[in-house]
Amino acid sequence: MRFPISLFLLAFSVATNAQTPVYLDDSAPVEERIDDAMSRMTLHEKIAVLHAQSKFSSPGVKRLGFPDFWTSDGPHGIRPEVLWDEWDQAGQTNDSCVAFPALTCLAATWNTDLARLYGRSLGEEARYRGKDMVLGPGVNIYRTPLGGRNFEYMGEDPCLAATLVVPYIEGLQSTGTAACVKHFALNNDELNRHKVNVIVSDRALREIYLPAFEAAVKKGKVWGVMGSYNLYKNVHNCQNDILLNKILKGDWGFDGVVVSDWGGASDTDEAVYGGLDMEFGTWTDGLQTGATDAYDSYCLAKAYEDGIIVGKYSTKELDDKVRRVLRLFFRTTMATNRARGFMCSEAHYDAARQVAEEGIVLLKNKGDILPLNIEKTKRILVVGENAIKPMTVGGGSSSLKVQREISPLEGLKARLAETDIEIDYQRGYTGGMTSEYNGVTMAADLSETRSSEQLVADAVDAAKGADYVIIFGGLNKDERQDCEGIDRETFDLPYNQQQLVLSLLAANKNIIFVNISGNAVKLDFADKIPAIVQGWYLGSEAGNALAAILTGDVNPSGKLPFTWTKELADVGAHALDTYPGTWRDDGEIIDEEYSEGIYVGYRWMDKQGIKPLFAFGHGLSYTSFSLSDLQLSSDTFAPGDTLAVSVKVKNTGKRAGAETVQLYISDNHSAVDRPEKELKGFGKVFLAPGEEQTVSIPISVRDLSYWDEATGNWKADDGAFTVLAGDASDHLPLRASFTLDGAE
């Protein structure tokens, strides 16, 4: 059917009417106000709200009182202002921010309260800067430790990510700022990300890669979802009918907007019918090569408008997209109760530090070498470029311009300033001497004239006689070292760090290795040194948080959000040689088959009987805890019921601290192949010495279910299940059984 006459009238009749429109008042239901606005909009105005007008903004409808809509990269802080049509910074002096720890660190806290605080603090910074949507959080699953963007995500387990993403979204959106959970879906590595076609079973898709997104929609009520660059079933995911229409908007009832990743849309027909609502970045001089200021050339711009005018497209899809965008406006730019914005407030620095301190993971502490014995210490040698290199810059779109960033060396010096301890520093290695990234000039001078061999020799010489040698190593957010757009080339530690550590160990046995990264790295020396700390990318308060942990001012309570393997071959994607995929004959598309299916992370390790270097959920403390008295509210339950599982936790040591009870479920007699166990809940509790509390965790029938590919639905089989509880996936001493009865 063709609609040219009526649509020309729609397009031009309102535009020529100079009378001020009469609006429904603020007390009217939002959907009625949307209907009212849509009845007044011209075709051109409807098309305009669907695509960008600048690098990070889209137009409102000024004639009807809708202001422009502004987005900002996250998810760890509000990105500095850029020029209207370029990625280059605008050169402002009032757009610095607080850098919050990367989301791997947040995941390592296993703390839902901190996730909510994180989201709200970020939302307040966005409000101050006039941003209406933060492009985050990211919840793609950690499938390979080589993944360049893993540091922006929440680990390997769908339950952990799904549990933490909800309060993050709730906190952020409580400020009137939209969250935009990303990247939907299957964006699990960065290499050739625009050309990777993921081949994955429906079961693995639903059980592993979608639960965090589903929770964001159903529980978090997220207002935005960003599509990913890669393909699924041979269609790019920013315009993928199966993912966006069938699953997201259909099965889950998502009522928000689907936003393209920048340059993620490529075909008008697929964008129109494939579920995309707002398009950013296509054919500009950003991620894609193309014309500058080409916003009318977007898939959802002039080509769409012209297609409607000549009858190629109906207005059905258009009106659904516009309705969703206007709903987003009423939730953000048109909301009357938005939170007041704050920028670089002490409360935000406190929040960043809390997340950093709780997310740092004590991986090894042989002989209780930590915390540092300050009273008996005379000299500490700090080694490593990561002790001085800023980590809030680099890594791609999450790079920030911060008001301040405390380096590990600065933090340790500040903490020990009132003591007589001498702190020496040796660089030990160079990971790159660039002191500028995307318009941000780093305060640290990273220039170096010494050779790699001389750097090691100088560090070894300085290590002799030191009471402690603290090495800050790992990755650094440079290209191929935790960075958007490209993956790591190797599992090995870069920049000669392996040799550095072994050389220092020969000179001093009191070695503490602090690994700064968003990924696991190969630690061949792990059994040779007494202490290993996972330090993540900790944001503005990095140095203060690390100093607090190392000196014992704060008792570490972080737990790994992924499995730390000994070898890369211990990871399913690499053992099966499916990463990074196979180029098709035409050289245009890479097929990457997820042959390991549902067996990702600890699930794969359990199936193969492989012992990890550090297990998923592992993390030590300076105190000790006992877990006991696992209780179930019932020995049997039916669909619709909730099973309450409780565990007593007691602090049996001499320091206050926190422990996380982790609850896993095993299906004893499943009709299908299932993992040995799967995380289904957790609870973190803070205890004084001698204090005891009971942690209660609810279990639903969905927690017992698998995705049944025959029926295309969740299914739980009647029969016996086992509850396993403990403090890490490889330490689950408590067990109890129950029976499911009445499942269909």
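No hydrogens, no waters, no symmetry mates; every other heavy atom, side chains included, goes into these values.
- The pair Glu659-Lys684 fails the salt-bridge criterion, with no side-chain N (NZ, NE, NH1 or NH2) lying under 4.0 Å from an Asp/Glu carboxylate O.
- Atoms CZ and OG, on Arg655 and Ser624 in that order, are 12.0 Å from each other to the nearest 0.5 Å.
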inquiry  = Walk me through whether Asn188 and Tyr153 qualify under side chain to side chain donor-acceptor pair (under 3.5 Å).
reply    = CA-CA 10 Å; Asn188 309 109; Tyr153 300 148; over 6 Å; no
inquiry  = Let's go through Trp564 and Phe491 carefully: what are the C-alpha distance in whole Å and the side-chain angles of both, what is the deciding distance for ring pair (Phe, Tyr, Trp, His ring centres under 6.0 Å) to 0.1 Å, and is it a yes or a no?
reply    = CA-CA 11 Å; Trp564 198 305; Phe491 191 46; 8.1 Å; no
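- The existence of a salt bridge linking Glu152 and Arg149 is confirmed by a sub-4.0 Å separation between a basic side-chain nitrogen and an acidic carboxylate oxygen.
- Taking a cutoff of 4.0 Å between a charged side-chain nitrogen and a carboxylate oxygen, Arg340 and Glu124 do not qualify as a salt bridge.
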request  = Test side chain to side chain contact (heavy atoms under 4.5 Å, CB included) on Asn386 and Tyr429 and set out the steps.
outcome  = CA-CA 9 Å; Asn386 281 0; Tyr429 69 90; 3.3 Å; yes
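- In this structure, the side chain of Asp730 does not engage the main chain of Ala615 through any donor-acceptor pair within 3.5 Å.
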task = For side chain to side chain contact (heavy atoms under 4.5 Å, CB included), just list the numbers for Leu523 and Ile532, CA-CA rounded to whole Å, side-chain angles, deciding distance to a tenth of an Å, and then say yes or no.
result = CA-CA 10 Å; Leu523 299 177; Ile532 303 173; 4.3 Å; yes
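- Shown here for Val181 and Val165, the closest heavy-atom pair between the two residues is CG2-CG2, 4.3 Å.
- Salt bridge present: Asp478 and Lys389 bring a charged side-chain N and a carboxylate O closer than 4.0 Å.
- Residue Ile78 holds its CD1 atom at 7.0 Å from SG of Cys97, rounded to the nearest 0.5 Å.
- Residue Cys105 comes nearest to Leu538 through the heavy atom pair SG-CD2, 3.6 Å, listed as atom of the first residue, atom of the second, then distance.
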request  = Verify side chain to side chain donor-acceptor pair (under 3.5 Å) between Gln403 and Tyr349, making sure each step is shown before the conclusion.
outcome  = CA-CA 10 Å; Gln403 184 188 55; Tyr349 282 111; 2.6 Å; yes
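- The shortest non-hydrogen separation linking Thr392 to Glu405 is OG1-OE1, 2.8 Å.
- Aromatic ring pairs are classed by plane angle as parallel below 30°, tilted from 30° to 60° and perpendicular above 60°; the pair Trp262 and Phe56 is tilted.
- Shortest non-hydrogen contact noted between Ile141 and Asp157 is CD1-C, 4.2 Å.
- Ring geometry for Tyr664 against Tyr602 counts as perpendicular: the plane angle is over 60°, on a 0 to 90° scale with 30° as the lower cut.
- In this structure, Phe513 and Phe525 have perpendicular ring planes: the angle between them is above 60°, well past the 30° mark.
- The structure places CG of Asn555 at 9.0 Å from CG of Leu362, a figure rounded to the nearest 0.5 Å.
- Stacking of Lys364 on the aromatic ring of Phe614 is not recorded, the 6.0 Å distance cut-off and the 45° axial limit not both being met.
- From Gln534, atom CD reaches atom CG of Asn515 across 4.5 Å, with rounding to the nearest 0.5 Å.
- Applying the 6.0 Å contact sphere to OH of Tyr425 captures more than 12 heavy atoms from other residues, nucleotides or ligands.
- For NZ of Lys219, the number of neighbouring non-hydrogen atoms (other residues, nucleotides, ligands) closer than 6.0 Å is 12 at most.
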request  = Go through the steps to decide whether Asn476 and Gln481 satisfy the test side chain to side chain donor-acceptor pair (under 3.5 Å), and finish with yes or no.
outcome  = CA-CA 6 Å; Asn476 61 14; Gln481 304 299 335; over 6 Å; no
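- For Asp189 (side chain) and Arg193 (main-chain N/O), no donor-acceptor pair under 3.5 Å exists by modelled atom type.
- Tyr579 contributes no side-chain N or O that, together with a main-chain N or O of Arg143, makes up a donor-acceptor pair within less than 3.5 Å.
- Rounded to the nearest 0.5 Å, atoms CD (Gln92) and NZ (Lys401) are 7.5 Å apart.
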key: Steps toward ring pair (Phe, Tyr, Trp, His ring centres under 6.0 Å) verdict (Phe184, Phe213)   = CA-CA 8 Å; Phe184 191 68; Phe213 290 103; 5.0 Å; yes
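- At least one donor-acceptor pair under 3.5 Å links the side chain of Asn111 to the backbone N or O of Leu114.
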key: Derivation and outcome, side chain to side chain contact (heavy atoms under 4.5 Å, CB included), residues Met154 and Leu160   = CA-CA 8 Å; Met154 295 191 186; Leu160 177 62; 6.0 Å; no
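- Across every non-hydrogen atom of Ile512 and Leu370, the tightest pair is CD1-CD2, 3.5 Å.
- The shortest side-chain heavy-atom distance between Val661 and Asp727 does not fall under the 4.5 Å cut-off.
- For Arg603 and Glu156, the salt-bridge test fails: no basic side-chain N is under 4.0 Å from an acidic carboxylate O.
- Taken from OG1 in Thr490 to CZ in Arg480, the straight-line distance is 11.0 Å, to the nearest 0.5 Å.
- Cation-pi contact between Arg353 and Phe100: absent, since separation from the ring centre below 6.0 Å together with deviation from the ring axis within 45° is not met.
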request  = Begin from the C-alpha positions of Asn519 and Asn150 and carry the test side chain to side chain donor-acceptor pair (under 3.5 Å) through to its verdict.
outcome  = CA-CA 7 Å; Asn519 274 302; Asn150 284 339; 2.8 Å; yes
ask   = Passes side chain to side chain contact (heavy atoms under 4.5 Å, CB included), Phe682 versus Trp110? Steps please.
value = CA-CA 8 Å; Phe682 57 89; Trp110 294 58; 3.6 Å; yes
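- In this structure, Ala185 and Asn230 approach most closely via the heavy-atom pair O-ND2, 3.1 Å.
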